[in-house]
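Quick note on labels: first sequence line is chain A, next is B, and so on, each numbered from 1.
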There are 4 protein chains.
Amino acid sequence: MAKRTGEKYEAIIDAAVRVIAKYGYHQAQVSKIAREANVADGTIYLYFENKDDVLISLFNEKMGSFISDVETALDKISSPVEQLRELIRLHLAYLENDHQLAIVTQIELRQSNPEVRKKIGLILKKYLEVIDQVIQSGVEQQLFRSDFDSRTARRMIFGTIDETVTSWIMKDCKYSLMDQVDPILRLFLGGVGK
Amino acid sequence: MAKRTGEKYEAIIDAAVRVIAKYGYHQAQVSKIAREANVADGTIYLYFENKDDVLISLFNEKMGSFISDVETALDKISSPVEQLRELIRLHLAYLENDHQLAIVTQIELRQSNPEVRKKIGLILKKYLEVIDQVIQSGVEQQLFRSDFDSRTARRMIFGTIDETVTSWIMKDCKYSLMDQVDPILRLFLGGVGK
Amino acid sequence: MAKRTGEKYEAIIDAAVRVIAKYGYHQAQVSKIAREANVADGTIYLYFENKDDVLISLFNEKMGSFISDVETALDKISSPVEQLRELIRLHLAYLENDHQLAIVTQIELRQSNPEVRKKIGLILKKYLEVIDQVIQSGVEQQLFRSDFDSRTARRMIFGTIDETVTSWIMKDCKYSLMDQVDPILRLFLGGVGK
Amino acid sequence: MAKRTGEKYEAIIDAAVRVIAKYGYHQAQVSKIAREANVADGTIYLYFENKDDVLISLFNEKMGSFISDVETALDKISSPVEQLRELIRLHLAYLENDHQLAIVTQIELRQSNPEVRKKIGLILKKYLEVIDQVIQSGVEQQLFRSDFDSRTARRMIFGTIDETVTSWIMKDCKYSLMDQVDPILRLFLGGVGK
DNA sequence: CATGAATGAGACTTCATTCAT
DNA sequence: TATGAATGAAGTCTCATTCAT
């Protein structure tokens, strides 16, 4: 039933990002998104199943292009260390370049209902798998140690970057995320211990 | 006006944890919490300002006792490495011992409105400061390196543990969190690199 | 946001008059008014800000058309004495012709909250000014004495008519208000003294 | 069951006047009145049937002593004109001397529910009868005309004085009501006409 | 007599979704 | 395709009253 493509499909998603970033998740009513997208309320239901579908699609579109970008970039890099650096860099760059998207995915969308969060989790999984691959390459190429569980490491990597972005937003995006790339990478590689 | 202490105060908070864990944040109506606590709806308003206040108080009480426990435990430990291990252990133990509380603080309460999330953020800050102190001790005692920003390290530590717990809940608390303590500690200390 | 015009706008106001007249101010719930107007509860909020706005609009619409009628009628009359008679007549006729409206404005709406009463007071002010003009004309044309304060006279005129209508309602509108026009006019003009 | 006399009975009524005058009818909760009277909430129910009974008793006590004062005063005066003047004077003086009582009886209590207003109406009736007697005396002594309906005149007298006090309160009791006695009397006796 | 903690019924308002045009 | 007016379910909080102490 829902069209899921076309000019208005994108207009609605982009309007949703702007509205949620500006007003917050709980004040982002369908009618507000429709007005921002210059369509009628009902039109949204020609392109999306329901409101949740708008949010999930939003995350899917943005995350999809992000993952695609990451995969393309990592393919060109052979060193797992450099891949890890690039992954951190792209993750931070992507959100630093679009504050609104950062606010939406990092803060607002996490207030959504279990249904939406579940779907978001599935989408995120693909990204986590990319992280896994980088770790595995490092281990295989004997550049990383092999005495850790890769899932634990993956949680460290994702959890740290995620927390970094959240902190940055909470402090109103006042400093540069790019400056964090190497410090984070160094901690990932060498830890805090001597 | 609100009493904020007494037998029923605690009964209501505990009922709120159970109800939110069972039904989810959006299905945790005041009337449901009241019934679970064996009090009348109106009684809740003798002990709390409003529904938000119940949620904030819940987080405050639980987090408060957790932070207090952590501080007490760390005081008895001189080695920053062991302090860090104990911090990870207590964090994971606290939530592993109370699955319901874990679900509420880790998943459900994050769906709450900005007002509540803001207050929760302030409460969390105290915990982050404890982490900071451990890091600083490690640096001062020259057991940790000094070429990293302590805030970056703090975000790694908190972000990693937080992501670990969230993953664990998402997988229905099927494995033991305690087994993660040392692996996480090792990553914090030595990183993934060789 | 609220539309404030249209077929349903009027239907809701008229339904409100009927419901308040029948059940009283405190038993005139939004849902009851909606049902009486054959609209959904939510529809009321497409035409009015909130419930208070319905009540204020009700008074404003009815009083507005009344004042307009009075002004039109008085414009056609040159004699202040006849103007005064017409004013009394219209005031009584208007409410005698619509018992429900009489009950609502005279009895029920006076139980409303301060917010509503304040707005009602402002609307009433316009009517009091019309009374003032009649008095002033009478004085200027030397048909009325000039040794009284016009505000005192205005309070006499309004207070007397108002009390007359209230008494009439309290006695279940059993007698004719029209019969009171000349007796009241005569008292206004000549007082009780010889 | 309700005691209806005693030190606390009066304390509660006086507290009710103060609370209603200060906070308004809709913010005058039983608990607030109890606190103001320095008694427990439950104590009020030892002296009054319910909250309505407090309000009715309040009006009854205050109005009762007022009517009694008026009757005593009028008994000492033989001239109906002077009786009328004294009635106006006492009515205005009584309320000018107690702004809080004026606000409560003139504004706030009129927002009460039909039950209370009905009882208040019955109490008021006695006062209206006093006015009737003055009019009748005037007519009998041929000082007043006899070509008017005494009920119409009574409504003029009560309505005018009532409106005068209400206006005065609405303008924050800024001017002296006593100055209005003779102007009002003159209008009652001679009207506005020449 | 006095207390005051506890009760629980009841209503305004929002907003995702539909469907006649 | 597109519109947008209309729908109606559902939840927080207040406060008069009670009754065990």
Participant: Could you tell me how far E:dC1 sits from F:dT21 if I compare only their P atoms? Round to whole Å.
Facilitator: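 Here F:dT21 and E:dC1 have their P atoms 23 Å from each other.
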
Participant: Using a cut-off of strictly less than 4.0 Å, decide whether B:Lys8 has a side-chain nitrogen or oxygen near OP1 or OP2 of E:dA5.
Facilitator: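 No, outside the criterion.
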
Participant: Using a heavy-atom cut-off of under 4.0 Å over every strand shown, decide if B:Val30 touches base, sugar-phosphate, or nothing.
Facilitator: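 Result for B:Val30 = sugar-phosphate.
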
Participant: Please state how far atom CG in B:Asn113 lies from atom P in F:dT12, giving the value in whole angstrom units.
Facilitator: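 Going from CG in B:Asn113 over to P in F:dT12 covers 12 Å.
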
Participant: Determine, for B:Asp41 against B:Arg35, whether the closest basic-nitrogen to carboxylate-oxygen distance falls under 4.0 angstrom.
Facilitator: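 Judged by the 4.0 Å cut-off on N to carboxylate O distance, B:Asp41 and B:Arg35 do not form a salt bridge.
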
Participant: When both hydrogen-bonding distances must be under 3.5 Å and the geometry is Watson-Crick or G-U wobble, what is E:dG10 paired with, if anything?
Facilitator: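 Its partner is F:dC13.
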
Participant: Check the distance between E:dC1's P and D:Ile12's CD1 and give it to me in whole angstrom.
Facilitator: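 It is 12 Å, rounded to the nearest whole Å.
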
Participant: Give a yes or no answer on whether the side chain of C:Glu108 reaches the backbone of C:Tyr25 with a donor-acceptor pair at less than 3.5 Å.
Facilitator: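 Side chain of C:Glu108 to backbone of C:Tyr25: a pair is present.
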
Participant: Please report, rounded to the nearest Å, how far the C1' atom of E:dA5 is from the NZ atom of B:Lys3.
Facilitator: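 For the pair B:Lys3 NZ and E:dA5 C1', the rounded distance is 8 Å.
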
Participant: Could you please name the partner base of F:dA20, counting Watson-Crick and G-U wobble pairs only when both distances are under 3.5 Å?
Facilitator: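 F:dA20 is paired, partner E:dT3.
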
Participant: Using heavy atoms and a sub-4.0 Å distance, could you list which residues of residues 31-60 of chain B are near DNA chain F? By number, please.
Facilitator: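 Output list: B:Asp41, B:Gly42, B:Tyr45, B:Asn50, B:Lys51.
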
Participant: Could you tell me whether B:Arg4 and B:Asp53 have a side-chain N and a carboxylate O separated by less than 4.0 Å?
Facilitator: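 Yes, B:Arg4 and B:Asp53 are salt-bridged.
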
Participant: When you check the gap from the basic side-chain N to the acidic O, do D:Lys62 and D:Asp14 get nearer than 4.0 Å?
Facilitator: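 Answer for the salt bridge query: yes.
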
Participant: Taking the side chain of A:Gln29 as its heavy atoms from C-beta onward, which of E:dC15, E:dT17, F:dT17 lies nearest to it?
Facilitator: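 Closest nucleotide to the A:Gln29 side chain: E:dC15.
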
Participant: Quick one: does any side-chain atom of A:Thr105 pair with a main-chain N or O of A:Leu101 as donor and acceptor, under 3.5 Å?
Facilitator: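 Confirmed, A:Thr105 side chain pairs with A:Leu101 backbone.
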
Participant: Mind calculating the distance between OH (C:Tyr23) and P (E:dA11) to the nearest angstrom?
Facilitator: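 Answer to the nearest Å: 13 Å.
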
Participant: Run through A:Ile13, A:Ile12, A:Ile120 and flag the one making a side chain to side chain contact (heavy atoms under 4.5 Å, CB included) with A:Leu58.
Facilitator: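 With A:Leu58 as partner, side chain to side chain contact (heavy atoms under 4.5 Å, CB included) holds for just one option, A:Ile13.
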
